[in-house]
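Contents: one structure, followed by commentary.
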Amino acid sequence: MNVQAQLENAISTAIRELFDTETAAVSLQPTRKEFKGTYTFVTFPLTKTLRRKPEEIAQAIGEWLQSNSPLVRAFNVVKGFLNIELSNEVFVHALADYSRWLEAFPNNTRHSKQEKVVVEYSSPNTNKPLHLGHLRNNFLGYSMATILEANGYDVHKTQIINDRGIHICKSMLAYQRFGKGETPESSGIKGDHLVGHYYVVFERHYREQVKALMEQGMSKEEAEKEAPLMKEAQEMLRQWEAGNPEVRALWEKMNRWVLDGFDETYRKIGVSFDSVYYESDTYLLGKDIVEEGLQKGIFFKKEDGSVWVDLSDEGLDQKLLLRGDGTSVYITQDLGTAEKRYQEHHMQRMIYVVGNEQDYHFKVLFAILKRLGRPYADGLFHLSYGMVDLPSGKMKSREGTVVDADDLVAEVIDIARQITEEKLKNSDMLDSFTPDELNKLYEIIGLGALKYFLVRVDPKKRMLFNPQESIDFEGDAAPFIQYTHARICSVLRKAGESQIKAAFPENHALSEQEEQLVFTLTQFPEKLDEAARTYAPSVLAQYIYELTRLYNSFYAHHSILKAETSEAASFRLAISQATAQTIRKGMQLLGIEVPERM
RNA sequence: GGUCCCGUAGCUCAACCGGAUAGAGCAACUGCCUUCUAAGCAGUCGGUUGCAGGUUCGAGUCCUGCCGGGAUCGCCA
């Protein structure tokens with residue numbers, strides 16, 4: 001049992017013995033740092049039942065604890081707040097226990113829950129390359145999956161690739177028309193960018209046609225519908241559905257280019273998937289479910305043959321599930337995909353990492369699956385995250401304000417290169433790295449900075465990305481954390497040279513900072529649990545930052561290897577080791593690497 | 001218009017289930033490298049938590065109204 005739970009029990013006992021009353025579960029909070037103590041018990045809620053002043057209650061419980069609990073060294077009362085100071089051995093033992101646990105983590109938590117979770121993220125369209133929004137999605141999804149795994153779930157990472165539809169036909173048509181047979185190889189352009197280029201070409205010519213038609217007196221809506229290019233794209237989609245070999249061949253070729261491009265990006269940014277679903281494989285599957293819903297009377301058919309569900313009693317609308325001509329819409333495909341995944345994985349939970357612009361869509365999807373009585377319906381969760389805005393507002397592909405993922409990644413690595421080279425030169429370390437090591441280091445630092453920036457913010461909130469200044473290398477940023485890790489590693493190396501070993505001597509009297517550090521370290525499992533429970537990797541990011549800050553302050557105010565006593569030296573070394581490991585394993589859960597030297 | 005989300009320091013973000021004097025970073029300004037890596041440490045400056053009520057021992061947090069911003073309400077995905 002951990003210290004906090006033991007204390008809470010002790011307080012319950014104290015209340016029973018002192019006031020002859022049973023209380024609801026007591027809960028402690030960390031003491032604010034301007035007061036002495038580690039845990040604080042708030043007595044205000046007890047004043048009514050006990051009919052005493054909060055100070056009196058706090059004082060009485062404090063005295064009881066001090067004489068009855070070996071955990072408690074001292075206490076102080078401020079208004080109704082009882083601040084509890086723990087005895088030395090508590091910290092020493094806590095660090096020893098934590099270090100042992102940490103050594104084995106995350107192997108010691110793996111598969112402890114017997115529950116399978118499917119996490120879907122990324123899920124791009126195949127008509128253009130990944131952008132900044134996808135990066136937030138990918139880092140969030142990958143990190144969430146890793147965090148769930150470390151919490152004991154059996155995690156399966158997947159995505160649904162939207163590889164069919166009018167969007168890809170637009171790129172195909174433009175390529176057919178203007179491409180002159182160029183390929184990623186012949187042009188030297190990454191496949192997804194090449195296909196994206198033709199999507200833009202389509203849009204450009206299409207806009208011209210629309211404009212011309214409008215000048216001839218058509219309304220905008222009419223012109224957009226009547227423009228020859230649009231009609232041709234729609235015709236191409238029909239041919240695709242009909243299985244026209246030529247169209248299919250072009251589609252396969254161009255999709256291959258895009259998917260290869262995506263793979264390259266995924267590899268670069270360090271995310272991965274256990275499986276991939278393609279819309280072209282699943283888009284027809286939902287139809288069986290629609291049929292089933294009709295038979296069960298959950299769905300209904302309109303005169304034109306279209307199929308609908310009425311969710312108005314749940315505050316939602318009527319929603320189309322199948323067009324009058326029998327073709328499927330977006331949500332039809334999602335029904336089918338969910339079903340297929342359940343058949344293949346029998347998961348208890350499935351998490352969709354998708355932007356909050358689709359909040360409504362997922363409400364509807366989940367409501368439908370629930371009405372259909374699907375066993376997995378209650379385990380569905382939409383991890384809805386906010387959009388990434390630019391200083392100019394929302395990213396708009398038509399206005400060319402989209403921040404391309406590959407460009408951004410290359411840019412942050414380049415900035416990392418410049419800064420790191422400079423720093424290494426200043427500290428005479430540059431020559432101690434091989435060119436390969438340097439390139440790896442720049443990548444770790446640049447990517448780390450980018451990932452941390454995107455993952456430190458509460459997923460639910462929309463966030464602002466300023467290309468000029470958003471990626472920090474100082475302060476609340478990954479390089480600060482990475483640097484601290486490298487620094488500790490350096491201390492650990494030197495400790496090895498001078499034969500100093502980490503230990504947990506009970507007679508070492510901890511300084512306030514040491515107490516705080518030990519306390520914060522041992523919070524890691526709780527934070528990990530909270531991150532999983534609340535679907536927020538940001539709580540881990542913030543925790544690691546807080547730990548790093550504390551350590552740096554400790555580092556500046558304490559000698560480690562040249563400490564006053566050998567007990568102090570070995571205990572501080574133990575703190576340092578645990579901090580480095582917590583940073584490394586914690587950052588790993590965010591998908592961020594940390595170097596041993598920088 | 002209906003529904004949902006958001007509004008905290010000049011900027012970017014925190015604040016556990018309602019707890020103490022609302023915290024960090026950036027920016028600006030001071031100090032600190034003959035001592036374990038200065039991407040660091042210590043400090044100064046910066047707030048009527050959008051506004052007005054309400055609930056209570058206590059409200060950034062819960063409730064109501066208003067103001068401002070965003071998303072969504074397609075036989076698009």
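Lettering follows sequence order; numbering is per chain, from 1.
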Check: [X] ring centroid to [Y] ring centroid under 6.0 Å:
| X | Y | answer |
| --- | --- | --- |
| F81(A) | F44(A) | yes |
| F381(A) | Y352(A) | no |
| H167(A) | Y199(A) | no |
| F453(A) | F465(A) | yes |

Could you tell me how far [M] sits from [N] if I compare only their [atom1] atoms? Round to whole Å.
| N | M | atom1 | value |
| --- | --- | --- | --- |
| C16(B) | G23(B) | C1' | 14 Å |
| A9(B) | A24(B) | P | 16 Å |
| U35(B) | G25(B) | C1' | 29 Å |
| G10(B) | A42(B) | C1' | 24 Å |
| A59(B) | G19(B) | C1' | 10 Å |
| U8(B) | C45(B) | P | 23 Å |
| U49(B) | U21(B) | P | 14 Å |
| C41(B) | G18(B) | C1' | 36 Å |

Students often get this wrong, so: under 4.0 angstrom with heavy atoms, is [X] touching a base, only sugar-phosphate, or nothing?
| X | answer |
| --- | --- |
| T420(A) | base |
| L561(A) | base |
| V78(A) | base |
| S559(A) | base |
| P45(A) | base |

Does N83(A) make a side-chain donor-acceptor contact with the base of A20(B), cut-off 3.5 Å?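 Donor-acceptor pair under 3.5 Å: yes.
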Is a donor-acceptor pair below 3.5 Å formed from side chain T40(A) to base A20(B), judging by atom type as modelled?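 Check passes, donor-acceptor contact within cut-off.
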From C-beta outward on [X], which listed nucleotide comes closest to its side chain: [options]?
| X | options | result |
| --- | --- | --- |
| R456(A) | C75(B), C13(B), A77(B) | C13(B) |
| F81(A) | U12(B), A20(B), C75(B) | A20(B) |
| T31(A) | A20(B), C75(B), C36(B) | A20(B) |

Between E357(A) and S490(A), which residue's closest nucleotide on RNA chain B lies nearer the 5′ terminus?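 It is S490(A), whose closest nucleotide lies nearer the 5' terminus.
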5′-ward residue of the pair V329(A)/S427(A) relative to RNA chain B: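 With V329(A) and S427(A) compared, the 5'-side residue is S427(A).
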Face-to-face stacking of F35(A) with A20(B), centres under 5.5 angstrom, angle under 30°: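 So F35(A) counts as stacking on the base.
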For the base of G40(B) and the side-chain ring of Y483(A), does the geometry meet a stacking cutoff of under 5.5 Å between centres and under 30° between planes?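 The ring of Y483(A) is not stacked on G40(B).
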Can you tell me the base-pairing partner of U34(B)? Count Watson-Crick or G-U wobble geometry only, both distances below 3.5 Å, and say none if there is no partner.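 Across any shown strand, U34(B) pairs with none.
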Euclidean distance, R164(A) CZ relative to E241(A) CD, rounded to 0.5 Å: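 Result: 5.5 Å between the selected atoms.
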Could you tell me the separation between the CE atom of M463(A) and the C1' atom of C13(B), rounded to a whole number of Å?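 Answer to the nearest Å: 9 Å.
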